[in-house]
There are 2 protein chains.
Amino acid sequence: MPHPPPARRPDLDVDPAIVGRRVRALREERGISLSALARLAGVGKATLSGLEHGTRNPTLETLWAVTAQLGVPLTAVLAEPSDEPTVHGTAVSATLLEVFTDTDATYELYRMRVAPGPGQLSPAHQAGVTEHVTVFAGVLRAGPADAPLTASAGGHLRWVSDVPHTYAAVGDEEVAASLLLRYPRG
Amino acid sequence: MPHPPPARRPDLDVDPAIVGRRVRALREERGISLSALARLAGVGKATLSGLEHGTRNPTLETLWAVTAQLGVPLTAVLAEPSDEPTVHGTAVSATLLEVFTDTDATYELYRMRVAPGPGQLSPAHQAGVTEHVTVFAGVLRAGPADAPLTASAGGHLRWVSDVPHTYAAVGDEEVAASLLLRYPRG
DNA sequence: CCCAGCCGTTCCGTTTACGGAACGGAAGCG
DNA sequence: CGCTTCCGTTCCGTAAACGGAACGGCTGGG
């Protein structure tokens, strides 16, 4: 699976249209109406409507009021949610959060999402590589292709990944998880 | 240790005065004048002057133009200068990498370091909170204070943290690990 | 059916962030 | 000293982001 170059610019995107789409997505995720969010955030409905449509150029004050009410940091609507450090597969997308180099091994920590559907097969890694998964949401079936394991939210999986292995979401819900890859030195 | 209520936020600072101070600091670091930066960024000197003084409420467009010319991401002037989301204890320091909100629970993913020495005791969390630790390097002894568990590099620990719990590095090596806190909804 | 209540959008007057120009002050130079 | 040049601030007309109000559309209840 993933092997991206560790260093990458966390560049921000400030196209008002894109910021607007993110705000709208976050709002709809929470199932609250534009009118309600505007009221809670103390901004006009016109302001929020224009912001979500990207037809305004919001001030920091406005953007802050809205994102604070959504319970997310400003960066949630400003930052590229995914760019280079994200690896996309047919069902799996993984974002590199951190690389840790030790004397014995190198660790890569990913944030992983698995879309519902047929799942994905990954080829074998080098000998000794292990994978550790902690599931946040959904039910994940993953591990060696001939003997996958299953974990639901809060569960943890671990396997030696020097054989072909699979990732699949069980049921209709997208799986969110953290994935730790351990590459032994050598 | 991390103790935050589920609604914890790696809060950004949007006080215009503070943003202004950071912009000015970054500009002076580079040894360029206000007039020059305004010209390069394509904004008025009045705009930049007001921005640095915190007497204006800049639009995203303005702030973007200025920070882009300074060669820093927007977060450099919005976010607390980095170690804000880091929680320090006597032996443990943990940096919040990500928050994941699910319908059933809130997850917080930390990068954790445990210094060699006597270790650290953390008070109980709310009922139902669980902790999941994957060790990168060193040997960690952690878990309920009356029955701690041990894991070395590559190992994984999990416990219910509604009782007082400890973290300690075994041996002289600093422990590096990822820590996942799960706060059930409610 | 009609009406009440909410939705999201659009209209509009007010407020304010914008850039250009003018300002006083601090060097650098003949 | 005068003159030039750059500095950062202030003044000011314009453009636009703001909130309130009105609008049409949809849904549910009497």
Side-chain angles (χ1 to χ4, degrees), chain A residues 12-79 81, chain B residues 11-79 101 103:
Chain A
L12 293 186
D13 198 328
V14 282
D15 180 344
I18 295 179
V19 172
R21 276 203 293 275
R22 297 207 182 108
V23 169
R24 174 153 292 194
L26 286 167
R27 175 173 65 77
E28 293 182 340
E29 256 174 38
R30 286 158 180 69
I32 71 178
S33 69
L34 184 150
S35 308
L37 178 57
R39 186 171 0 99
L40 289 169
V43 306
K45 294 202 293 180
T47 301
L48 185 52
S49 179
L51 166 59
E52 291 193 353
H53 278 283
T55 56
R56 290 210 187 168
N57 206 320
T59 61
L60 264 194
E61 188 180 24
T62 298
L63 205 55
W64 164 256
V66 171
T67 55
Q69 200 48 237
L70 286 170
V72 300
L74 261 177
T75 47
V77 297
L78 295 177
Chain B
D11 244 344
L12 292 187
D13 205 327
V14 281
D15 180 345
I18 295 179
V19 172
R21 277 204 291 276
R22 297 207 181 107
V23 169
R24 174 154 290 193
L26 285 167
R27 175 173 66 76
E28 292 181 341
E29 257 174 36
R30 285 158 182 71
I32 69 179
S33 69
L34 184 150
S35 308
L37 178 57
R39 187 173 359 97
L40 289 169
V43 306
K45 295 204 291 181
T47 300
L48 185 53
S49 178
L51 166 59
E52 291 193 354
H53 278 282
T55 57
R56 288 212 189 167
N57 210 329
T59 61
L60 264 193
E61 189 180 23
T62 298
L63 204 56
W64 165 256
V66 172
T67 56
Q69 200 49 236
L70 287 170
V72 299
L74 260 178
T75 46
V77 298
L78 294 178
T101 304
T103 51

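Each chain gets a letter, A, B and so on, in the order the sequences are listed, and its residues count up from 1. Computed from a predicted model, the values in this text were never measured in an experiment.
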| task | Starting from the C-alpha separation in whole Å, work towards a yes-or-no answer on side chain to side chain contact (heavy atoms under 4.5 Å, CB included) for L74(B) and L60(B). | result | CA-CA 9 Å; L74(B) 260 178; L60(B) 264 193; 4.3 Å; yes

What is the distance, rounded to the nearest whole Å, between atom [atom1] of [X] and atom [atom2] of [N]?
| X | N | atom1 | atom2 | result |
| --- | --- | --- | --- | --- |
| R24(B) | dC7(D) | CZ | C1' | 11 Å |
| E61(B) | dA16(D) | CD | C1' | 11 Å |
| L34(A) | dG5(C) | CG | P | 21 Å |
| L51(B) | dT9(D) | CG | C1' | 14 Å |
| I32(A) | dC7(C) | CD1 | C1' | 13 Å |
| N57(A) | dC18(D) | CG | C1' | 13 Å |
| L60(A) | dA17(D) | CG | C1' | 13 Å |
| R39(B) | dA21(C) | CZ | P | 15 Å |

Quiz item: Is there side-chain contact between R56(B) and T59(A), with at least one heavy-atom pair below 4.5 Å?
Solution: no

- Message: Determine whether a donor-acceptor pair (N or O, by modelled atom type, separation under 3.5 Å) exists between the side chain of R22(A) and the backbone of I18(A).
- Response: no

_Donor-acceptor pair, side chain of S49(A) and main chain of K45(A), under 3.5 angstrom_ = no

- [ ] Locate the shortest heavy-atom distance separating R30(A) from L70(A); write the atom from each residue and the value.
- [x]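 Heavy atoms of R30(A) and L70(A) come nearest at NE-O, 2.9 Å.
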
Taken to the nearest 0.5 Å, the spacing of I32(B) CD1 from E29(B) CD works out to 11.0 Å

Closer than 4.0 Å, any side-chain N/O of [X] to the OP1 or OP2 of [N]?
| X | N | answer |
| --- | --- | --- |
| R27(A) | dC7(C) | no |
| S35(A) | dC6(C) | no |
| S33(B) | dG8(D) | yes |
| T59(B) | dA17(D) | no |
| T62(A) | dA17(D) | no |

I'd like to know whether L51(B) forms a side chain to side chain contact (heavy atoms under 4.5 Å, CB included) with V43(B), so could you lay out the CA-CA distance, the side-chain angles of the two residues, the decisive distance to 0.1 Å, and finally the verdict.
CA-CA 11 Å; L51(B) 166 59; V43(B) 306; over 6 Å; no

Protein-proximity profile, nucleotides 10-15 of chain D, B/S/- by nucleotide at the 4.0 Å heavy-atom cutoff, equals BB----

